[in-house]
Amino acid sequence: MGENGAGPTEPAAKKAKSDPTVLEQEFDKETQTALEEIDSCQNEIDAMNEKASEEILKVEQKYNMLRKPFFDKRNEIITKIPKFWLTSFINHPQLSIIIEEDEEDALQHLSKLEVEEFEDIKSGFKIRFFFETNPYFENDVLCKEYQLDSKGDPTSISSQIKWKEGFDLIAKAAQKAALQKGQRKRKLENRTFFSWYTDNEDPSNDEIGEIIKDDMWPNPLQYFLVPDLEVENLEEEEEDLEDEEGDNVVVMEEDDEEGEDDEGEGEGEGEGEQEAENEEK
């Protein structure tokens, strides 16, 4: 019994102790030595991986700087194509889900998109949306920023949207959601583009920001051209179907000709037999 009457201290200590590691388990001497050598090698591998991560980070930083002029040039060219970003967003399988009809009209005025990763890359990034003058809000730029706080946890902040009177799309979406309150839907399906933009409650589960950064921003052209690619594929499928139908028609015609030949031969044989019978008579 211990001094405070709590019982022996040794069993309590053993109970609090975590499960033994591989090296703390009992093995024969040869196995124990081999395991310690493996553990030492693993430590060296981990240290090398950490060094590799540092080197990869430097390479990423270097090429982010080298890519920037090309991104800027691409943005200049994109301004020549009306509704480029709206079309790309609508054609994207994940982003299209959160864009409401009213928001489509607002996003027609999206003239430029920029994604800027912080210098150390791992700590966060910014997404900037540039808008032409439009009937919905006063802002010409909207910015959403993702970063890590002092504890290393993800956080996000968004610049405020200055809605024009009667055009608050988030309020309209909230009213619509209230009417659909009885319907069970996933949270992502209830989220709209601008409600996503202003929502900073749980950035660790914000897939939309990551999709824009890692999928849309690197190559938006692939999504802008999606309908054309689908039309081309559909035309190719129709051509293949027509070719197959053409082959079937040829085969059927050949079968019909063979059938006619067989009937002709049968008729000829029948007439020859009838003539032979008449001569005998």
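No experiment lies behind these values; they were computed from the predicted model shown.
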Original post:
Tell me, do Asn139 and Ile161 make a side-chain contact under 4.5 Å, heavy atoms counted?
Top reply: yes
Original post:
Rounded to the nearest 0.5 Å, how far apart are CD1 of Ile157 and NZ of Lys126?
Top reply: 8.0 Å
Original post:
Hey, are the side chains of Phe89 and His92 touching, using non-hydrogen atoms and a 4.5 Å cut-off?
Top reply: no
Subject >> Closest approach of Gln32 to Phe27 (non-hydrogen atoms, all atoms of both residues) >> reply: OE1-CD1, 3.6 Å
**OP:** Compute whether any side-chain donor of one residue and acceptor of the other, for Asp39 and Gln42, lie under 3.5 angstrom apart.
**Re:** no
Original post:
When you measure from the side chain of Ser195 to the backbone N and O of Arg191, does any donor-acceptor pair fall under 3.5 Å?
Top reply: no
**OP:** Return yes if a side-chain donor-acceptor contact under 3.5 Å exists between Tyr136 and Asp105, otherwise no.
**Re:** yes
Original post:
At their closest point, which heavy atom of Pro135 faces which heavy atom of His109, and how far apart are they?
Top reply: CD-NE2, 3.9 Å
Subject >> Between CD1 on residue Ile78 and OG on residue Ser88, distance to nearest 0.5 Å >> reply: 7.0 Å
**OP:** I would like to know whether Leu142 and Phe194 meet side-chain contact (heavy atoms from CB on, under 4.5 Å); could you show each step before the answer?
**Re:** CA-CA 10 Å; Leu142 296 176; Phe194 287 106; 4.1 Å; yes
**OP:** Mind checking the CG-CD1 spacing from Leu86 to Ile90? Nearest 0.5 Å is all I need.
**Re:** 3.5 Å
**OP:** Say whether, by atom type as modelled, one donor and one acceptor occur between the side chain of Asn75 and the main chain of Leu113 under 3.5 angstrom.
**Re:** yes
Original post:
Between Asp168 and Lys172, is there a side-chain N and carboxylate O pair less than 4.0 Å apart?
Top reply: no
Subject >> Closest contact, heavy atoms only, Arg74 versus Pro218 >> reply: NH1-O, 3.1 Å
**OP:** Check which hydrophobic residues are tied to Phe70 through side-chain heavy-atom contacts below 4.5 Å, counting indirect links as well, and list them.
**Re:** none
Original post:
Taking C-beta and beyond as the side chain, do Leu169 and Trp163 meet within less than 4.5 Å on heavy atoms?
Top reply: yes
Original post:
Rounded to the nearest 0.5 Å, how far does CE of Met216 lie from OH of Tyr223?
Top reply: 6.5 Å
Original post:
Out of curiosity, does Leu110 fall in the hydrophobic cluster containing Leu221 (side-chain heavy atoms, cut-off under 4.5 Å, transitive links)?
Top reply: yes
Original post:
So, the side chain of Lys112 versus the backbone of Arg128: is there a donor-acceptor pair under 3.5 Å, distance only?
Top reply: no
Subject >> Trace of the side-chain contact (heavy atoms from CB on, under 4.5 Å) decision for Gln222 with Asp215 >> reply: CA-CA 10 Å; Gln222 63 179 322; Asp215 194 19; 4.0 Å; yes
**OP:** Using the side-chain contact (heavy atoms from CB on, under 4.5 Å) rule, take Glu210 and Phe125 through it: C-alpha gap first, then chi angles, then the decisive distance, then the call.
**Re:** CA-CA 10 Å; Glu210 294 292 334; Phe125 60 95; 3.8 Å; yes
Subject >> Shared hydrophobic cluster, Leu95 / Ile170 (ILVMFWY, side-chain heavy atoms < 4.5 Å) >> reply: yes
Subject >> Linked hydrophobic residues, Val59 as query - side chain contacts closer than 4.5 Å >> reply: Tyr63, Leu66
Let me check something: any side-chain donor-acceptor pairs from residues 143-152 under 3.5 Å, sequence neighbours excluded? List them with distances.
unit_1, atom_1, unit_2, atom_2, d
Lys144, NZ, Trp196, O, 2.7
Lys144, NZ, Tyr197, O, 3.3
Lys144, NZ, Asp199, O, 3.0
Tyr146, OH, Asp206, OD2, 2.5
Asp149, OD1, Lys151, N, 2.9
Asp149, OD1, Gly152, N, 3.0
Asp149, OD1, Asp153, N, 2.8

Original post:
Using 4.0 Å as the upper bound for N to carboxylate O, is an ion pair formed by Arg67 and Glu60?
Top reply: yes
Original post:
Under 30°, 30 to 60°, or over 60°: which ring-plane class applies to Phe129 and Phe131, parallel, tilted or perpendicular?
Top reply: tilted
**OP:** Specify the closest pair of heavy atoms between Pro220 and Trp85, including all atoms of both residues, with the distance to one decimal.
**Re:** CB-CZ3, 3.5 Å
Original post:
Roughly how far, to the nearest 0.5 Å, is CD of Glu138 from CD of Gln160?
Top reply: 12.0 Å
**OP:** With the side chain counted from C-beta on, respond yes when Ser158 and Asn200 share a heavy-atom pair under 4.5 Å apart, and no when they do not.
**Re:** yes
Subject >> Point-to-point distance, once rounded to the nearest 0.5 Å, from CD1 of Ile97 to OG1 of Thr192 >> reply: 13.5 Å
